[in-house]
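On a predicted model such as this, the values are computed, not experimentally measured, just so you know.
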Amino acid sequence: MLRGDLDVIKDVEFIDQNPIGKSSRSNPATYLKAWDEVRKLMSDEKQAKLEGFKPAHFSFNVDGGRCDECQGEGSIKVEMQFMADLVLTCESCHGKRFKNEVLDIRHRHKNVFEILEMTIEEAINFFSESESTTAKRIVNKLKPLADVGLGYVHMGQSSSTLSGGESQRVKLASFLALEKSEPTLFIFDEPTTGLHFHDINKLLKAFNALIDKGHSIIVVEHNMEIIKSADHLIDLGPEGGNEGGYLVFEGTPEKLIKEPKSYTGKYLMPYLS
Ligand SMILES: [Zn+2]
């Protein structure tokens with residue numbers, strides 16, 4: 001059972017592993033609204049102003065600056081009757097997703113396509129070196145993605161290619177990016193799935209950042225690094241499947257390891273000593 005002052009919670013968010021965004025053109029940079037700032041930055045370039053380009057010209061979601069042939073996808077899908085669909089690089093833009101005149105616009109020698117090719121980490125470094133306030137806003141919007149261990153993802157990487165765990169962390173990052181939000185109860189289902197040890201630490205830091213903002217978190221998890229970091233544990237068991245589902249223990253990690261009936265306690269012991 002959960003007890004506490006429920007009045008301090010204004011909202012509940014279940015952060016699942018379902019894909020973010022339905023369009024194959026959506027990516028982590030668009031989800032965090034960082035791409036809006038990139039479009040603005042590019043349209044502020046002198047050359048862009050001479051050409052009369054607006055931020056929309058740097059969007060791959062609307063006509064104008066994107067490649068007409070592939071509609072900004074960079075590739076063309078050929079449906080095959082008896083085989084898996086073929087994905088071919090667009091012959092018009094050669095996979096660069098935009099028209100040549102748009103690709104000619106550069107911010108510190110980089111055009112939109114080259115920016116989409118950067119990893120989140122590279123983009124943070126690149127825009128950190130810019131003087132412009134728009135570039136600083138881009139860095140602020142991208143940083144939460146690096147904070148949840150997604151620095152290796154490419155700016156333009158289609159959301160449809162992200163794993164369930166990666167999609168979940170993009171959603172977490174979007175909440176970290178909010179400047180102000182009502183105290184919320186976040187529920188995560190096995191967020192460490194597919195994460196390396198180093199990234200589990202990043203995830204824990206991201207959790208702590210949410211808690212520092214006044215939010216609360218419930219995590220369903222088997223990972224001992226996460227379990228040992230909880231304030232309060234609810235251990236269900238004693239076995240899995242039909243043999244489980246009973247409350248074995250409730251309390252702090254330090255007390256759980258003293259509970260002889262708990263398997264979790266046994267496995268947790270080395271993490272606490
Ligand atoms: Zn194209």
Side-chain angles (χ1 to χ4, degrees), residues 2 4-23 25-40 119-121 123-124 127-128 134 136-196 198-223 225-227 229-232 234:
L2 288 174
D5 187 357
L6 283 178
D7 290 336
V8 298
I9 293 169
K10 302 290 177 207
D11 208 351
V12 178
E13 289 283 350
F14 178 52
I15 312 286
D16 59 23
Q17 301 204 347
N18 293 336
I20 54 161
K22 288 188 184 78
S23 156
R25 285 182 291 260
S26 93
N27 57 52
T30 58
Y31 195 79
L32 273 281
K33 307 268 184 267
W35 195 249
D36 291 350
E37 303 291 347
V38 174
R39 295 196 286 125
K40 185 175 180 314
T119 64
I120 300 293
E121 203 72 65
I124 289 173
F127 290 112
S128 296
T134 311
K136 290 194 172 61
R137 279 204 295 276
I138 297 170
V139 172
N140 287 338
K141 296 206 164 168
L142 292 177
K143 241 191 126 276
L145 288 168
D147 291 344
V148 297
L150 290 172
Y152 61 90
V153 170
H154 290 264
M155 292 280 281
Q157 186 170 336
S158 168
S159 299
S160 60
T161 66
L162 298 177
S163 72
E166 287 169 337
S167 304
Q168 192 178 36
R169 280 179 287 143
V170 173
K171 292 176 201 173
L172 168 59
S174 75
F175 282 101
L176 286 176
L178 293 178
E179 276 172 16
K180 254 194 226 143
S181 53
E182 297 259 76
T184 301
L185 174 65
F186 288 94
I187 303 171
F188 289 88
D189 189 11
E190 304 206 20
T192 64
T193 310
L195 277 190
H196 291 290
H198 181 67
D199 286 330
I200 289 172
N201 279 331
K202 283 190 174 175
L203 184 71
L204 280 169
K205 274 192 194 140
F207 281 167
N208 285 331
L210 280 178
I211 292 165
D212 288 344
K213 286 185 168 197
H215 304 303
S216 308
I217 300 177
I218 295 176
V219 187
V220 181
E221 190 54 86
H222 297 102
N223 182 286
E225 291 293 331
I226 301 283
I227 292 175
S229 309
D231 295 319
H232 188 87
I234 299 170

K.L.:
Could you tell me whether a side-chain N or O of Gln17 sits under 3.5 Å from a main-chain N or O of Glu190, the two making a donor and an acceptor?
P.N.:
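Pair found, side chain donor or acceptor close to backbone of Glu190.
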
K.L.:
Any side-chain heavy atom of Thr119 sitting closer than 4.5 Å to one from Met155?
P.N.:
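Answer no - side chains too far apart.
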
K.L.:
Can you name the residues that form a salt bridge (charged side-chain N to carboxylate O under 4.0 Å, His left out) with Lys141, not counting sequence neighbours?
P.N.:
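Lys141 satisfies salt bridge (charged side-chain N to carboxylate O under 4.0 Å, His left out) with Glu37 only.
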
K.L.:
Rounded to the nearest 0.5 Å, how far does CG of Leu185 lie from CG of Leu210?
P.N.:
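It is 11.0 Å, given to the nearest 0.5 Å.
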
K.L.:
For Ala206 versus Val148, what's the shortest heavy-atom pair and its separation?
P.N.:
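That would be CB-CG1, 3.7 Å.
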
K.L.:
Any heavy-atom pair between the side chains of Ser159 and Ser26 that's under 4.5 Å?
P.N.:
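The answer is yes; the side chains approach within 4.5 Å.
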
K.L.:
Taking all atoms of both residues into account, what is the closest heavy-atom pair of Asn27 and Ala29, and its distance?
P.N.:
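Heavy atoms only, the tightest pair is OD1-N, 2.9 Å.
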
K.L.:
Using a cut-off of 6.0 Å, state whether more than 12 heavy atoms not belonging to Asp212 lie near its atom CG.
P.N.:
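Enclosed: over 12 neighbouring heavy atoms sit under 6.0 Å from CG of Asp212.
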
K.L.:
On a heavy-atom basis, which atom in Pro19 and which in Ser167 lie closest, and how many Å separate them?
P.N.:
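Scanning both residues completely, I find the closest heavy atoms to be CA-OG, 3.9 Å.
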
K.L.:
Starting at CZ of Arg39, measure out to OG1 of Thr30 and round the result to the nearest 0.5 Å.
P.N.:
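Reported value, rounded in 0.5 Å steps: 10.0 Å.
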
K.L.:
Are the side chains of Phe207 and Pro191 in contact, using a 4.5 Å heavy-atom criterion?
P.N.:
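Yes, side chains in contact.
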
K.L.:
Any heavy-atom pair between the side chains of Asp199 and Thr192 that's under 4.5 Å?
P.N.:
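The answer is no; the side chains never approach within 4.5 Å.
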
K.L.:
For the pair Phe186 and His215, name the ring-plane relationship: parallel under 30°, tilted 30 to 60°, perpendicular over 60°.
P.N.:
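Aromatic pair Phe186/His215 classed perpendicular.
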
K.L.:
How close do Ala146 and Ile120 get, counting heavy atoms only, and between which atoms?
P.N.:
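For Ala146 and Ile120, the tightest heavy-atom pair comes out as N-CG2, 4.3 Å.
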
K.L.:
Between Asp147 and Lys143, does at least one N-O distance fall below 4.0 Å, as a salt bridge requires?
P.N.:
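Looking at Asp147 and Lys143, the cut-off is met.
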
K.L.:
State the OG1-CD distance between Thr193 and Gln168, to the nearest 0.5 angstrom.
P.N.:
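If I round to the nearest 0.5 Å, the distance is 7.0 Å.
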
K.L.:
Please list all pairs passing the salt bridge (charged side-chain N to carboxylate O under 4.0 Å, His left out) test where one or both residues lie in residues 148-176, with sequence neighbours left out.
P.N.:
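Qualifying pairs: Asp16-Lys171.
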
K.L.:
Donor-acceptor pair, distance only, cut-off 3.5 Å: does the side chain of Lys136 make one with the backbone of Ser128?
P.N.:
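No; zero donor-acceptor contacts below 3.5 Å.
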
K.L.:
Is the side chain of Glu225 donor-acceptor paired with the backbone N or O of Asn201 at a distance under 3.5 Å, no angle test?
P.N.:
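No; zero donor-acceptor contacts below 3.5 Å.
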
K.L.:
Just verifying a value: how many Å separate Lys40 NZ and Ile138 CD1, rounded to the nearest 0.5 Å?
P.N.:
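With rounding to 0.5 Å, NZ (Lys40) is 9.5 Å from CD1 (Ile138).
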
K.L.:
Any salt bridge linking Lys33 with Asp36? Criterion: basic side-chain nitrogen under 4.0 Å from a carboxylate oxygen.
P.N.:
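No, Lys33 and Asp36 are not salt-bridged.
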
K.L.:
With a 4.5 Å cut-off on side-chain heavy atoms, are Thr184 and Val12 touching?
P.N.:
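A side-chain contact is absent here, since even the closest heavy-atom pair is not under 4.5 Å.
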
K.L.:
Going by heavy atoms in the side chains, are Val220 and Asp189 under 4.5 Å from each other?
P.N.:
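Yes, their side chains come closer than 4.5 Å.
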
K.L.:
Hey, is the main chain of Ser158 close enough, under 3.5 Å, to the side chain of Thr161 for a donor-acceptor pair?
P.N.:
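Answer holds: yes.
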
K.L.:
Would you say Glu13's side chain and Ile15's backbone share a donor-acceptor pair under 3.5 angstrom?
P.N.:
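Not confirmed, Glu13 side chain does not pair with Ile15 backbone.
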
K.L.:
What is the minimum heavy-atom distance between Leu142 and Ala123, and which atoms define it?
P.N.:
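That closest heavy-atom pairing would be CD1-CB, 3.8 Å.
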
K.L.:
Measure the shortest side-chain to side-chain distance between Leu172 and Leu203 over non-hydrogen atoms and say whether it is less than 4.5 angstrom.
P.N.:
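Yes, at least one pair of side-chain atoms sits under 4.5 Å.
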
K.L.:
I want to check something: taking the side chain as every heavy atom from C-beta on, are Leu162 and Pro28 in contact at a cut-off of under 4.5 Å?
P.N.:
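Yes, side chains in contact.
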
